[in-house]
Every structure is written in structure tokens, then in C-alpha cells.
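First the structure, in the form of C-alpha cells, and then the observations on it.
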Amino acid sequence: MDVVTMNVYTALVDDAGLFPPTSLHMDEALARNRRDLEHGSTVLTHRFLCPASRLHRLRDMDYCPRRIGLIVDQEEVPGFDDLPVDFVEAALPSGTTIDTLARGLGLPASVRLFVEVAAGRPGVDVPDGVGLKVRCGGLTAEAFPPAEHLSMFIKFCVEHDIPFKATAGLHHAVRHFDPSLGVDRHGFLNLVLAVCEAVEGRDPVPVLRATDVGHIVRLAKSVPEDTAKRARRLLVSYGSCSTSTPVEDLRTLGLIT
């Protein structure tokens, strides 16, 4: 694996096995996380994404992941000082500022907050040390944002140097049509390359819309090292319910060995 490839794909995929559509039981999800860690793919962060409401169940298990991303899904966030939580992800309530949300959570300095906002150009102030989160799909066609909206979000983060995470819908590397939902699914490789395009001052929309696998692979192989570094500093990671498919896709495309 060359230097540029390492910069682009290293620690890209968070483990969202507890979430739909995979929706593994806690013991199954933790067993998979453990196997992934033993296999040691550099594409995976091995960060285990866990809803706050299921943290008590995680504590009951014999195995604890080495990294945990806590997803706020209830009003009261339980204490987690005994767990290796490095990220907390929370939706922004209507009428609340990010600063108010951050102060209310009172996270330790070692834990970074990522606030979920709608795709588009966020009309919010983002305090230093806080990142954003964007949803790229879901269980219905309406949950998939248009490429133009995702592009506006990416450009906002690049312009303001705001790190962000992505979640949902990014099931494969390259954009493709899902007949079960009647919608084009965004590709995680399209997303990575769209950030690279924005870093270099170009419009991300054409790359987000691209479905030509050969074209996408050629673009991926031509990303300059400095661009890759900045793009991945901004695109921190994305959550995937499958931890094997992203690795298999990148291998099939010849982008990792």
C-alpha cells in the first residue's frame, strides 16, 4: 500500500453493527468487532458505535472494544468514564445552538463532539473543537440527500476547516442504484473523493454523482498526497453497519492490497 493510499483509506470506517439494516445483537456485534481487531485491517477504525441507551448492556459483556463512539439517543447521557469513549455524536435539537448543546453535555477535553445537521449549507456556528455529522441515507428514499446538498455541506466544512463524520446509506464504494428503494445510494469512495475535490477548489457534485467505476478508480489513484492528508483530516470517518464490505470493495477495485 503506497503512502497516498494509506492517507486516503486508513481508519476510515467505524463499526456501526448495532444499527440498521444489520442490527446485530450486542454479543454478535462485539464478537465481530473483536474479530476485526484481530485481523487488523487498516481501513477500519475499530471504533464501536454504541447508543447511549445500550451502554448498560455493553458493560455487561466480557469484551470491551478498544474505542467507543457514543451515539446520544436519549435525554440523559449516562456516565462513561470507565469506557474508552473518544467520540460522542448527537443530533442538534430544533432551536438549540451547537454551543448550548456542547455546554450541556459537558464532555471531557479528550472526547470530541460531532453534531448531526441536515445536508446542505449549515446555518450554524460551530465552536472550536466540535465537528459536524451528516446523514447520507437511511431506510427510505427521502433519507438520501441530493448530491447538491451533500456538496454544500462538504464545501462548508472545507471552507471553515471543520472536521466531520458521515453516517447511513454508504453501503458500497461507488454510487449505485438501489431498486428496493428506487434511489441512487451515495458511494463512500465518491464521498472521500468529493472532499478531495473541494479541498482542491473544485465542485464536488460531479464526483458525488459519478457511477462509472473506472473513472472513480482513476480519480482515486491520482489524489495528491497533500490533498489526501487534508481531506482525511476533515472527513474523520464514516459509520458502516458492515465492516467487511468496505474492505472487500476497496480490494476489488485494486485500491488496497
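Not measured: the values here are computed from a predicted model.
Donor-acceptor pairing under 3.5 Å is lacking for the side chains of Tyr63 and Asp27. In this model, no donor atom of one side chain and acceptor atom of the other lie less than 3.5 Å apart for Asp99 and Thr97. Side-chain N/O atoms of Gln74 and Ser53 include no donor and acceptor closer than 3.5 Å. A side-chain donor-acceptor contact under 3.5 Å links His186 and Arg175.
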Salt bridge (charged side-chain N to carboxylate O under 4.0 Å, His left out) between Asp14 and Lys165, worked out: CA-CA 10 Å; Asp14 289 335; Lys165 294 183 84 270; 2.9 Å; yes
Chi angles and distances behind the side-chain hydrogen bond (donor to acceptor under 3.5 Å, both in side chains) call for Asp15, Thr243: CA-CA 6 Å; Asp15 184 345; Thr243 52; 5.2 Å; no
ring-ring contact (aromatic ring centres under 6.0 Å, His included) evaluation trace for Phe114 with Phe164: CA-CA 7 Å; Phe114 288 86; Phe164 72 94; 9.0 Å; no
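Cation-pi contact between Arg67 and Phe48: absent, since separation from the ring centre below 6.0 Å together with deviation from the ring axis within 45° is not met.
Considering Ile68, Leu58, Leu107 as possible partners of Phe80, the one that fulfils the side-chain contact (heavy atoms from CB on, under 4.5 Å) test is Leu107.
More than 12 heavy atoms of other residues, nucleotides or ligands sit less than 6.0 Å from atom CZ of Arg112. Surrounding CZ of Arg32 are more than 12 heavy atoms belonging to other residues, nucleotides or ligands, all under 6.0 Å away. Around the CG atom of Asp82, the shell of radius 6.0 Å holds more than 12 heavy atoms that belong to other residues, nucleotides or ligands. Counting heavy-atom neighbours within 6.0 Å of His25 NE2, excluding the residue itself, gives a total of 12 or less.
Aromatic ring orientation, Tyr238 versus Phe188: parallel (interplanar angle below 30°, classes split at 30° and 60°). In this pair, His160 and Phe156 present their aromatic rings tilted. The plane angle is within the 30 to 60° band.
In this structure a side-chain-to-backbone donor-acceptor pair under 3.5 Å is present from Ser240 to Ser242. Looking at Asn33, its side chain never comes within 3.5 Å of a backbone N or O of Pro65 through a donor-acceptor pair. Judged purely by atom type and a 3.5 angstrom limit, Asp249 uses its side chain to pair as donor or acceptor with the backbone of Ala173.
Using a 4.0 Å cut-off between charged side-chain N and carboxylate O, Lys229 and Glu225 make a salt bridge.
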